[in-house]
Student: 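Sharing a structure here in structure tokens format.
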Amino acid sequence: MRFGAEILKQADVLATFTEDAPRLTRTYLSKQHKQAGVYLIGLMRDAGMTADFDPLGNIVGRYEAGVPFAPVVMTGSHQDSVRNAGKYDGLFGILSPIACVKELNRQGRRLPYTLEIVGFGDEEGVRFPATLIGSKAMAGLFDPAWLDKTDADGITMRQAINDFGGDANKWRVLDRRSGAPDGEHGDVVAFVESHIEQGPVLLNEGLAVGIVTAIAGATRLRISITGLAGHAGTVPMGARQDALTAAAEMILFVESYCTNHAGLVGTVGIMSLKPGAVNVIPQDVEFTIDVRSSDDGSRVNAVNAFNETFAVIAKRRNVAFTSNVFFSSDAAPCDAGLQRQFEAAVVAHGIAPRYLPSGAGHDAMVFPAVAPTAMLFVRCGNNGISHHPAETMTAEDAEIATSVLLHFFEHYQPPQFSASSAQRVDRHI
Ligand code: GLV
Ligand code: MN
Ligand code: MN
């Protein structure tokens, strides 16, 4: 086996860089992010790449083209995790292309483009109220207001970036879009990401890999409800302004709406209440909603329906509520030409091509703003569970997926690229 067993071993090592062992949690700009980055940079350099952190803490490796003035094909995924995560979400998409470069380098082979592998600092949005921070910076979608957002300990993102050893003021230079005003830009001709499926489709159909057609769009909202605290023993049931029961009714509405509208999924993943005492009626409740669909219209309709129904519930229960969108991303179709090139690589491995959409979000979803984008999915075991420690994949599947990815890299022909665009590039690693 050329790749699979080693990739799984590397994922085991990365799982030791965790904030709450024995669980795996690694958030953006944490000490463990630094440790994982140093480890990945070591792997990249051993594989024959130049590699370092960029100013926002992304881990960037380059395997230079065999020809001058060559464009860049970018690949990669995220180094961060959810709380109590599995070992492969994100990491596979960094480790798998590193294994490809190691093999190319062993053969002394260069490509007609520079291959850039990125371990994005943040994709999951666990630490700060922002998501896809690294990839959005590269896609020109970084919001500088994020720098003043704080984590649960009151540390601003700006402070955390600078403490990490980065430079928060340099977020603009990461923008890789053609025509971007500053920094490196215009040289990326494709973005591809390999990732575990995080669902059971490939497992149920006995397929090691699949080709992604589109990534579902998502909206995330924070709902705040204000009622009135009172004595649990004295306030009559009909006279209460209970923020928690109002929230309960709203959450059940989210569930029933998404159940009754095909293609929608809705999740309430965070909730808090105050004052939080056994004998006090809850006064302040906050919860988040994550709603997704590959149809942007039905997602927008869902958000409108939530807000309208929440207003009715709040009025009837005599509580106030606010609803704020803190993340929104439209569905991202994958490039048809790159999908066909992945199909050729899959077929060359004797596997029936299976096209499937992604319900999960990925770094790839923001890259259509930069270049044609595509994704390769790899089967996961345990009924496809992910965002859970039982997430798993086999060394055999890691082997096949990496071999398919390598085939894709070996056969990809970049479009014509002018020397003048390449000369504009001002490297920072
Ligand atoms: C990332 O894993 C997401 O889909 O939220
Ligand atoms: Mn994830
Ligand atoms: Mn992921």
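Remember, it's 1-based here, ligands and their atoms both numbered in the order they're listed.
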Student: Do the ring centers of His362 and Phe191 come within less than 6.0 Å of each other?
Tutor: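 Ring centroids of His362 and Phe191 are no less than 6.0 Å from each other.
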Student: For the residue pair Tyr412 and Tyr113, does the interplanar ring angle fall in the parallel (under 30°), tilted (30 to 60°) or perpendicular (over 60°) class?
Tutor: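 Tyr412 vs Tyr113 ring planes: perpendicular.
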Student: Under a 4.0 Å heavy-atom limit, does Glu123 contact ligand 1 with its side chain, its backbone, both, or neither?
Tutor: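 Side chain only.
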Student: Give the name of the N/O/S atom in His195 that lies closest to the Mn ion (ligand 3).
Tutor: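 The atom in question is NE2.
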Student: At a 4.0 Å cut-off, with the gap strictly under it, does some heavy atom of His387 reach an atom of ligand 1?
Tutor: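 His387: in contact with ligand 1 (<4.0 Å).
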Student: Rounded at 0.5 Å granularity, tell me how far CZ in Phe164 sits from NE2 in His33.
Tutor: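 Between Phe164 CZ and His33 NE2, I get 3.5 Å after rounding to 0.5 Å.
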Student: How many angstroms lie between atom CD1 of Ile215 and atom SG of Cys334, to the nearest 0.5 angstrom?
Tutor: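 Taking CD1 in Ile215 and SG in Cys334, the distance rounds to 5.0 Å.
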Student: Should Ala360 be counted as touching ligand 1, given the test is an N or O pair under 3.5 Å?
Tutor: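 Between Ala360 and ligand 1 (N or O atoms, distance only) the closest approach is not under 3.5 Å.
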Student: Provide the atom name of the closest N, O or S atom of Glu124 relative to the Mn ion (ligand 2).
Tutor: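 In Glu124, the N, O or S atom with the shortest distance to the Mn ion (ligand 2) is OE2.
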Student: Using a 4.0 Å heavy-atom cut-off, say whether Arg220 meets ligand 1 through its side chain, its backbone, both or neither.
Tutor: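 Looking at Arg220 and ligand 1, just side chain atoms fall under 4.0 Å.
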Student: With side chain to side chain contact (heavy atoms under 4.5 Å, CB included) as the test, pick out the partner of Leu43 among Gln10, Lys102, Glu6, Met49.
Tutor: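 Running side chain to side chain contact (heavy atoms under 4.5 Å, CB included) over Gln10, Lys102, Glu6, Met49 with Leu43 returns exactly one hit, Gln10.
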Student: Looking only at N, O or S atoms, which one in Asp89 sits nearest to the Mn ion (ligand 3)?
Tutor: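 For Asp89, the N/O/S atom sitting closest to the Mn ion (ligand 3) is OD1.
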Student: Would a distance-only check, ignoring hydrogens and angles, find a side-chain to backbone donor-acceptor pair under 3.5 Å from Glu399 to Gly4?
Tutor: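 At least one qualifying donor-acceptor pair exists.
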Student: Between Asp290 and ligand 1, is there a nitrogen or oxygen pair with a distance under 3.5 Å?
Tutor: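 For ligand 1, there is no N or O atom that lies under 3.5 Å from one belonging to Asp290.
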Student: For the 3.5 Å polar cut-off, considering only N or O atoms, please tell me whether Arg292 and ligand 1 meet it.
Tutor: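 There is such a contact, yes.
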Student: Is His387 close enough to the Mn ion (ligand 2) to have an N, O or S atom under 2.8 Å?
Tutor: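 An N, O or S atom of His387 is closer than 2.8 Å to the Mn ion (ligand 2), so yes.
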Student: Please confirm whether Glu124 comes within less than 3.5 Å of ligand 1 when only nitrogen or oxygen atoms on both sides are compared.
Tutor: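 Yes; the residue has a nitrogen or oxygen that sits under 3.5 Å from a nitrogen or oxygen of the ligand.
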Student: Could you tell me whether any N, O or S atom belonging to His362 is less than 2.8 Å from the Mn ion (ligand 3)?
Tutor: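 Of the N, O and S atoms in His362, none lies under 2.8 Å from the Mn ion (ligand 3), which means no.
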Student: Give a yes or no answer on whether the side chain of Asp335 reaches the backbone of Gly337 with a donor-acceptor pair at less than 3.5 Å.
Tutor: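 Yes; judged by distance alone, with no hydrogens or angles, the pair exists.
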Student: Quick one: does Asp167's side chain have a donor or acceptor within less than 3.5 Å of a partner on Pro55's backbone?
Tutor: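 Judged by distance alone, no pair lies under 3.5 Å.
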